[in-house]
Structure formats: structure tokens, C-alpha cells
Amino acid sequence: MLLDWLLPTLLIAALALLAIGAIRRINLWRAGQPEAVKLIAGLMAMPRRYLVDLHHVVERDKVMSNTHVATAGGFVLSMLLIIPVYLFGLESRWLTIPLLIATAAMFTGAIFVYRRRRNPPARLSKGPWMRLPKNLLAFSGSFFLLTLLTSGLLPENFLGVWGGWVLTAILLVGIASGLSELLFGMGWGGPMKHAFAGALHLAFHRRPERFGGGRSTGLKPVNLDGALGVAEPKDFKWNQLLGFDACVQCGRCEAVCPAFAAGQPLNPKKLIQDMVVGLAGGTDANYAGSPYPGTEVGKAHGNPHQPIVDGLVNADTLWSCTTCRACVEECPMMIEHVDAIVDMRRHITLERGETPNKGAEVLDNLIATDNPGGYDPGSRMNWAADLDLPLMADKQEAEVLFWVSDGCFDMRSQRILRAFVSILKAANVDFAVLGNEECDSGDVARRLGDDATFQSLAKHNIATLSQYRFKRIVTTDPHAFHVINNEYGDFGGHYEVLHHSTFINELVEQGRIQLDRFKGGTVTYHDPCYLGRYNGEYESPRALLKALGIEVSEMERSGYRSRCCGGGGGAPITDIPGEHRIADMRVDDARQVDAETIAVACQQCTAMLEGVVEPRPEIRDLAELVADGLVVEAAEPGPAKTRPAVEEVH
Amino acid sequence: MWPDPNLKVATLVSVGQHPKSGRARRAEQDARAVELGLKMAGTRSRLVNVGAGDETGLRQYLGMGLPELMQVKAGTEADAVPALVEHLKTHPTDIVLTGIRAEQGEASGMVPYLLGEQLGWPVVSRIADIQKIEDGKADVLQALPRGQRRLLRVPLPFIATVDNAAPEARQYAYGPARRGQLAETNGTAIVDEARLEWQETPAKPRPKRLNVVKAKSAADRFKAATAKPQGQGGQVIRDGTDREKAEAIMELLISEGVVR
């Protein structure tokens, strides 16, 4: 039979092309900067990372998850069996029957892929991805039929001579198209590239801590004596380039990106595809997904040695990101979009000095006054002039160090701070503040790309903190919380840091404060990105609201899918115009559940959401809600009783 | 036409002081002068500083993208003017730009005038822009109070102080600031004898005279806020000899008690 010699030839050719393509692709990644990874351990861990961690993300879409298990599992198993059966000519029922099952499973999965592609949602990329299900069907169908015919499971001369020839021809076409898509295309940048790059990406991920239920969200520090950020694609670490290549263009990132929804010129999927264009060279003319809002596709071009900004990606795209990490949370390939964006921002700020809008002014203020507003660093405690707060410098030791943050300069945030102080006092917590010794945490500087200023602020704060003895740091600012908790470690600052929601909830659980029932209307809770996705704290705020007798009516996007308020990553400072405001969209989410109050846990979120035009739900920080509900014991001796009475003397 | 490859621009820069934190930084007006220099001569415009200035402050000027800053070492007690005169005499220069006054130290604002006197160059104060240079003459836009502008034609070489009306200085970046060279030369170090005897104390804020606007309508208030005050006993002398004009000025100075 013709297939007896043609099929092995085709298989060898496809496998050889795959190998050549793979080596070419690996060399493209090797243009990136060196980064140490555990080679063997990574490869060993890869199957588990794929089957458990990645599947955990994919499973959020049950149908797609099962489709992928059938298709990918069927494909891997059939390839493992096709090679011994058709390349080495091994004949055994122990091989052919599993091969029949594998191809059948793959075919079933491919039908579901095909069905989804008939009317694909806007977030999916079209183009070459539209032909993928056909080739999946061709591959699995052809090999199933072929195996069925040659397995001897059917009666002799089942088809007759002519039927055999016709079938052979059809099978050949199917096998050729299937093999070229699935093997040749895998090495040469077709849709199946994701399987090859994705597997290696999982093995050599830059944040291996993310697997096995861990969390790794702190940005990596810049070596200030080396290259400052990413100017050209080759300045990325090699495994970042590998990560970009793993993208399946499913567009889940696009669907959750607040900047994309607001019509700002950012689409995380397109950004990653532009990085692929950058690493492989060429233009984005073949990109078949949603563009950056307001930007035409086809004009971008790049190569590993060409500056990314202006040419491949517009700077506005990079500055639209709020670093909310919704894309990273949602990405089934666990690609790190935010790392890449901040890396490129670092180059713009540290080398070009082109931080847009108020960026330059804010950074200048941080350098000169240690706060973004340029206020007198000696006026940090003005907000608490009447509160008589204990200073660390006087006490030297306290159970809790209250990290006040730059909210001390903002009149709205001061109300949150004062509410929190009243809770601390009601619970008789042994606490102290740093007062004027505190500097900005460095969050904004870092996310605006100025890692030099971030590092100097971080080192300064760590040196200050090292002078005092305290058990834990508590702050009302999730950004400071994240930075001190997850990013100071690289500079030798290791602390137990708590967000005030966690801390107050502890006080309630320990019975150190008594709460009255909340008497307002419907309450919803807005998860701050830097508390939720960055630090995994979803429960304490809800427990606290429950303790106030509040039944939270959850917004559609809450918890790990919470929509950003638009205030992160220096976005209000760089202020890239869009069609809508992110904060407006978030308040609309709350209106949909008829919320009368939005409980928040971040002063930045408070500022952003309160900036929405009224009528809108009231915005209250958890600390304010709790402070209002505090049951203060009446037995407290007031100062009036101890004052000596004035007597009239004649 | 900008940047002009043949134009030789030197910007005199000093270490500034942040008004709130007192921290060393680039001086705001000097930075505007650097910005103007960058516009006219690109990265070929020179930066000159006299003294043992704080490095972080000076590096912020380099962070605007200039490769080198010439630091003329003259000691902390030295007068900056002789060192600058020597430097400008030995380095051919068409335009010298600087801020109006320093943000710390003497901050008398006298340096450009003393330089002009000793070099014999014209001094243009408070400029907002230099528009073009033709036949060895520059069209200089001078900033006057309340947003008014005056176009002057000034022969090269000249000295100009840059007003806050000039374009804002660009952001300084860490990379260029780190890479830029602080080149040092030794300059004429003449000890400022007069200054040695001075005592420095922090300035006290002086009470401000309230300007009571008795405006009845919005138009009046707008006028009071924007219009240039007209005719407050002043006198414009257009005719007459230089001597007569000088005498008129002298008379005014005596009557105001400036000269006794």
C-alpha cells in the first residue's frame, strides 16, 4: 500500500521540521538576557504545573477546560502511539486500540473547538486560529480511520480496490494537513506554537513560586549599575520572551482589562503579541484579534534589536496599565503582563525621562520631599495634631507599628486614618507611628518605572524601621502593604505586615472591640487589587462586614475578578485619555446590584470612586464603617468628673 | 533652525534648594536655562558650575541628557565671578544663560551683571525665549510683568537670565544622570573677603502688604488682577542726552533713599 512508505516519510519530515523550527525558536528566546532557572527540576515539575496549576485557571471555563483536556490529551497520547505504530511499524493491539481511543477523544474535543470557532466571542483571535479546529479534526479523523483500517478490526476487503484508493487519497490529505499544523506549525510559529512554548514556559517560569498554590506578585528589582529597564525586546530575560511565545490569544486578559474596557489604548493580548513580533521580527499585519482601542493594526514593526517604544508599541499603551493584575490572574498560560509593562516603563522613565503628564512632577516631589505631593516632610503629622499619637521615636517599642502612608496629606484619606486610630484606641492596642520619619513606601515611584527612587525610599524606610522594635506593621493602604510585605524583602526588610481589614477582623474575633449592627442600606464590597489579587486577602474584609451585620451583595466582578478602580500603577498621574473612566464603570457595577454603599479598603479606591459624579452609592472605607459601629463602654471616666470644682469666695 | 550646530551656548548652573525640604536639587530657573540651551544647541550646549557643589544636585542637570558638566573648582569661600570670567574668556561662547538668582547662598542675582561688566557683554534679564539668530544678532523675547513680552535684538555674545516664563525644564532621568561626566578644572580662586564676615540666619517670612481691591464688578476685579498698573508717578524720558537721563535716574534713587 502507498501509505506503507509514504506515511513514515511524512512523519519523519514533519518531526524533522518541528525539530528545526524548535531550535530556531529557542535561539530567538536566547537573544534575551540570561536568567538562572532550574533546568531539570523545572522540566520535572512541568507536568504537575500543567495538570494542576494551569488547569486550575483553565477550569474557570468548564466547557473549554474539558474541550482542551480531550483535544490536548488525545493529541499527546496519539503522538506517543503514532510514532511506534507508523514510524517503527510495531503491530500490536495494545498500541492500536489505545490509539483509536486517543484519536477519538481528540476528535470529540476538536468538534467542540470547531463549534466554538463557528461564532467566536470578540476576545478570541481569528486568522490562523480559525483553521486550527479543521486541522485538529483532519489529524484525529485521518489517524482514527487509518488505524481502524490497518488494525485488522474490520473484515478483509471492506472497501474494495477503488474505495481503498479513494480513501487513501483522502487520508493522505488529512494526515498531511494535520501533521503540518500540529508538528510543522508548532515549531514555526503557527497556533500550535503555544503547546511547545507553553510547556517550556511552565518549566522555566520566572516566578516558580506561583505554582502549587503560592503567590508571587512583587516586582523584581532593577540592578541600578546595569541596564535600566527594557528598551529592545532582547533586553527582556530569555524566559520572559519564552513566556510571550506561550500566548494562546484566548483574550481572557482583554476581557478583564479595565483600560481596554475604558477605551484606553491598551489590550494585554495585543501587547503580548507585539512582544512576539519584537522577538521574532516582522510586523503585526497578521494579528487577527482586537486592536489597541483607537489604534490601527498593521503599522507596528519590530525586531529584537529595535527600540520597542515608537515603532512596535506606543508609550501611551504602556502607561494605560493600572497594574491591577487582572490579566495575569486570568491568563491560562500564566504570562506576566505587568512585569513586562513595568520593565518597559523603567526604560522610559530612567533612560528617556519621558514619564507622561504629572509623572515627572510626582517623581521629582518624591525625590525632594519623600511624598508625591511635594508637601513639607515635616508636616506629616499635621493630620493627627489633636490625636496625641505615640511616636516610635519616643516609645522605641510597640506591639503594632501603624504605617500611616501618604494618606496623611489628603483630607479624605485623613478621615480613614482617624477612623482607624479610634478603633486602635478603642481596642487598647499598643501602637505607635513613625511620624515625620516615615517616607512614601515607593509604590508609585516603582510603578512609574523609577526603580532608583523606589530603592532609595525602600532602603531609607528599612533603615528607619530597623531602629525600632515592633511585632507587626499595620496599614490602611494596600499599596504600602504590598510594597512593604512583598517588595522590601529584596532589600533586607522582612516584616509581618497586615492590612487594616485583617487586623480589625482579628480584633473583632478576639473580642477586643464590640460592634453595633450597621443601619444603612444595601452594601457591596469593592476588592482593592493590591489587597486581593496581589495579596490574596478576600476573606477578612467580608468577615468584618458580616460582623457589622452586613450581608454583602456581591458585584458580578468581585474577589479575584474584581474590577480595578483605575487608581493603581500611577494611572491617575499619567492619565492616558480613553472613552470612559474606569472608576465610572466600577460604580456602574455597584449600581447594578443596587448598592447604597460601596465598602472599600483602600484610600486610592476611595479617591477614585468618590470622584464619580453623584448620584452614586456612598463610598466608605471599612475603617469608617467599623468606627461608626464601635460600641464604646459608657463607664469610661470623662475628664469633667476629675476637674476640681470652682468655689465662689467672698 | 534649532538646534544650531555652530552656536556656542554655556549655561551657568548652581545647586538649588527645595523650598519645603531644603534638599539639594537642580535650581528651577537654572534648569529652565539648561532647557533653553538644549533647544538652541542640543547636547552640545555646555554646563558650567563654580564651587564644590553637591553632586546629587548637579547630576540632576546631567540627567536632562547632557554628557558633561564642567565644574570649576574654586573652593567654598571663593567668589564665583573671577572663576567664571576666566572660564568664559578661555572658552569661546556666544550666549551665556543662567537663572535670575541662586536658590541658596548669597542669591543676590548679581553674577550675570558682574560678568557682563567684566567681559563687556550685554546682559538681558528675564528672558522667556530666544527666537532666532541672524547675522550675529539674536531675537530675544524678554518677559515683562503680567504676561507681557518685549522682543529685543541683541548682538552676540551676550548674557541672559532666564525667567520663569520660559518653557519648563524637562524631566531628568536616572540613567543619563549616572552616566554624565562631572569634569573638574581648577579656576581662579579669589576669596570673597566681604562674605567671610557675614553671618547667615534662616530667613523669616515677612508680612505681606495686602492689596485691597475695591472692585465693584467682575470686570474690575479681572482688570485689577491682570492689567499693568498705570502711571504711578513714573516718568518716561525718551529725548535728551544720556547724561540727562542718568541724572534723572540718580535723582529718583536719591529721593527714594537708595543712594545717600
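Below, chain A is the first sequence line, B the second, and so on; all start at residue 1. As the structure is a computational prediction, the values presented were derived from the model and not from experiment. Just so it is clear, the values below take in all heavy atoms, side chains as well, and ignore hydrogens, waters and symmetry mates.
Options B:Gln171, B:His18, B:Arg179 differ in how many heavy-atom pairs under 4.5 Å they form with chain A, and the most are formed by B:Gln171. Between chain A and the options B:Arg170, B:Glu168, B:Arg178, B:Arg25, the largest number of non-hydrogen pairs under 4.5 Å is found for B:Arg178. The candidate from A:Ile367, A:Asp450, A:Thr349, A:Asp225 with the greatest count of non-hydrogen atom pairs under 4.5 Å with chain B is A:Ile367.
Judged by distance alone, the side chains of A:Ser405 and A:Gln603 do bring a donor and an acceptor atom under 3.5 Å apart. In this model, a donor atom of one side chain and an acceptor atom of the other lie less than 3.5 Å apart for A:Gln240 and A:Asp343.
A 4.5 Å side-chain heavy-atom check between B:Tyr174 and A:Leu228 finds at least one atom pair inside the cut-off. Side-chain contact check for A:Val444 versus A:Val362: some heavy-atom pair is nearer than 4.5 Å.
Looking at A:Glu361, there are no atoms closer than 4.5 Å to chain B (heavy atoms on both sides), in backbone or side chain. In this structure, chain B has heavy atoms under 4.5 Å from both the backbone and the side chain of A:Thr355. A:Asp451 does not touch chain B: none of its heavy atoms, backbone or side chain, sits under 4.5 Å away. Interface residue B:Gln60: only side-chain heavy atoms are found under 4.5 Å from chain A.
Judged by distance alone, the side chain of B:Asp79 and the main-chain N or O of B:Asp192 form no donor-acceptor pair under 3.5 Å. Of the possible donor and acceptor atoms, none in the side chain of B:Asp163 sits under 3.5 Å from a partner among the backbone N and O of B:Ala166.
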